[in-house]
Q: 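First, the structure itself, so that you have it in front of you.
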Amino acid sequence: MAAVIIDGKAFAAKVRGKVADHVAFLKAEHGVTPGLAVILVGEDPASKVYVHHKHKQTVDVGMNSFEHRMSANASEAGIFALIDRLNADPGVHGVLCQFPVPEHLDERRTVAHIDPAKDVDGLSVTSAGQLCTGEDALISCTPLGCLLLLRARIDDLTGMNAVVVGRSNLFGKPMAQLLLRENCTVTIAHSRTRNLADVCRRADILVVAVGRAGMVKGDWIKPGATVIDVGITRVPHPDKPGTTRLIGDVEFATASKVAGAITPVPGGVGPMTIACLLANTLTACCRANGLPEPEGLTA
Ligand code: NAP
């Protein structure tokens, strides 16, 4: 039977709706408006587009959006001074620096300078440690988005075999931790894993974040499994010369014949990332002010 296609675009709209409702509640009942500050260093065109989307969606859910643009040759000291100001600003609940930053800057040091309570990208060592040790953490947005999609499809993940292919700090490791928190039996696979197809075939939940278009074939998938495809690769469009299209890590045509449910690319995981950034900003605001958090928007 053909797999259910998990509609990440529609689910992300639901998440944004929930965020907007809670923002309206915070404003009306507590006079508090969540605020997200985004720092963009340099002129990278793709980063500009991402920052624009973040700004628009932040404003659309009723939050304050603060955009800070710095020149490509901005010094680390200058960026840290800006982050210090944002860390101290009670109207700013989330701070993020759009990556990649120019080569003379260090992403890890930049993230480390953000107050962990405002680290809405969930990329700091503190956030990663809190996630591992089971404390309330701000969770990296894409893994959080995948978890929300999985929870919407499966009532209880307890005892399921979950395989995460990819072990990056940005995605694979936090995703594996989230699945562990849900009481899955978790395997993390990577470029040195032996018999990757066999490992994948054991998964009730298969999450793939590698960046190799179409790597996971239909016969790597356990019949009925839930497949979350995080990979994004831009390739030339086969039918429209001169244009490109996005492809996931999972070969959709074969996988969707075997899986029970699958996220498409585009329109699966991608739209969840900014929605979860907004959810994290709201969560950070509620925690900073000792106010009730919305249900179902965090791990
Ligand atoms: P990354 O840092 O490059 O990590 C890739 C991971 O894949 C590594 O752990 C690597 O293993 C593993 N890998 C590479 N080749 C492999 C192979 N042949 N077999 C098994 N594992 C292999 O990438 P990332 O940041 O995690 O992102 C992965 C993909 O997800 C990319 O396509 C990215 O664009 C996409 N992504 C999408 C979103 C979104 O939708 N918003 C967000 C984040 C990422 P080693 O550790 O052994 O090298």
Side-chain angles (χ1 to χ4, degrees), residues 8 96 99-101 106-112 116 119-135 137-151 154 157 159-217 220-222 225-234 246-251 255 259 262-263 265 268-270 272-273 276-277 280 298-299:
L96 74 85
F99 291 148
V101 286
D106 182 309
E107 292 186 355
R108 282 188 182 212
R109 281 173 57 85
T110 306
V111 168
D119 170 30
V120 283
D121 257 346
L123 295 180
S124 68
V125 170
T126 302
S127 299
Q130 287 169 333
L131 174 59
C132 284
T133 52
E135 289 176 39
L138 288 167
I139 291 155
S140 182
C141 302
T142 307
L144 176 58
C146 293
L147 178 70
L148 298 185
L149 289 175
L150 282 168
R151 277 190 187 153
I154 303 166
L157 305 182
M160 298 184 94
N161 284 329
V163 173
V164 180
V165 189
R167 57 175 165 179
S168 66
N169 292 332
L170 175 71
F171 184 83
K173 285 178 193 156
M175 187 73 238
Q177 286 296 337
L178 286 173
L179 291 164
L180 195 57
R181 268 198 187 192
E182 299 290 316
N183 300 314
C184 291
T185 302
V186 182
T187 303
I188 306 176
H190 45 78
S191 66
R192 313 291 174 88
T193 297
R194 291 187 192 145
N195 305 324
L196 182 60
D198 288 342
V199 173
C200 290
R201 268 192 288 269
R202 290 201 291 270
D204 302 307
I205 294 168
L206 178 62
V207 185
V208 190
V210 170
R212 292 169 73 106
M215 182 184 82
V216 173
K217 313 294 179 198
W220 294 26
I221 292 168
K222 178 175 179 175
T226 299
V227 178
I228 306 288
D229 188 355
V230 184
I232 306 173
T233 307
R234 192 168 279 285
L246 298 179
I247 303 259
D249 287 342
V250 179
E251 190 178 71
I262 186 167
T263 55
V265 176
V269 172
M272 290 298 290
T273 299
C276 288
L277 173 67
N280 275 348
T298 191

Q: Give, for atom CG of Leu179 and atom CD1 of Ile205, the distance between the pair rounded to the nearest 0.5 Å.
A: 6.0 Å
Q: Is there a donor-acceptor pair closer than 3.5 Å between any side-chain N or O of Asp249 and the backbone N or O of Asp229?
A: no
Q: Compare every heavy atom of Ala209 with every heavy atom of Val230, then report the nearest pair and how far apart it is.
A: CB-CB, 3.8 Å
Q: Check the surroundings of atom CZ in Arg151: do more than 12 heavy atoms from other residues, nucleotides or ligands lie under 6.0 Å from it?
A: yes
Q: Is any side-chain heavy atom of Val265 closer than 4.5 Å to a side-chain heavy atom of Thr263?
A: no
Q: Can you tell me how far CG of Leu170 sits from CE of Met175, rounded to the nearest 0.5 angstrom?
A: 12.5 Å
Q: I need the Leu150 CG to Glu182 CD distance, nearest 0.5 Å.
A: 8.5 Å
Q: Looking at Asp121, Leu178, Val120, Leu147, which hits side chain to side chain contact (heavy atoms under 4.5 Å, CB included) with Ile139?
A: Leu178
Q: Heavy atoms only: give me the nearest Ser127-Pro116 pair and the separation to one decimal.
A: OG-O, 4.4 Å
Q: Can you check whether Met160 reaches Thr226 side chain to side chain, under 4.5 Å on heavy atoms?
A: no
Q: Could you tell me whether Arg212 atom CZ has more than 12 heavy atoms of other residues or ligands within 6.0 Å of it?
A: no
Q: Would you mind listing every salt bridge (charged side-chain N to carboxylate O under 4.0 Å, His left out) that reaches into residues 199-210, with sequence neighbours excluded?
A: Asp198-Arg201, Asp204-Lys222
Q: May I ask you to check whether over 12 heavy atoms, not counting those of Arg192, lie within 6.0 Å of atom CZ?
A: no
Q: Quick check: do Val165 and Leu196 have side-chain heavy atoms less than 4.5 Å from each other?
A: yes
Q: Where the side chain of Thr273 meets the backbone of Cys141, is there a donor-acceptor pair that is under 3.5 Å apart?
A: no
Q: Considering non-hydrogen atoms only, spot the tightest contact between Val227 and Ala259 and give its length.
A: CG2-CB, 3.8 Å
Q: Taking all atoms of both residues into account, what is the closest heavy-atom pair of Val163 and Ala203, and its distance?
A: CG2-CB, 3.6 Å
Q: Working to the nearest 0.5 Å, report the span between CD1 of Ile228 and CG of Leu149.
A: 5.5 Å
Q: Heavy atoms only: give me the nearest Thr233-Ala213 pair and the separation to one decimal.
A: OG1-N, 3.8 Å
Q: Run the side chain to side chain donor-acceptor pair (under 3.5 Å) test against Asn169 and tell me which residues pass, sequence neighbours left out.
A: Lys173
Q: Minimum heavy-atom separation for Thr185 and Gly159, please, with both atom names.
A: OG1-O, 4.4 Å
Q: Any chance you could lay out the side-chain contact (heavy atoms from CB on, under 4.5 Å) test for Phe171 and Val207, step after step, and finish with the verdict?
A: CA-CA 10 Å; Phe171 184 83; Val207 185; 3.7 Å; yes
Q: CG/Leu148 to OG1/Thr298 distance, rounded to the nearest 0.5 angstrom?
A: 8.0 Å
Q: Once you round to the nearest 0.5 Å, how far does CD of Glu107 lie from CZ of Arg109?
A: 13.5 Å
Q: Listed by chain and number, what are the side chain to side chain contact (heavy atoms under 4.5 Å, CB included) partners of Val111, not counting sequence neighbours?
A: Phe99, Leu123, Ser124
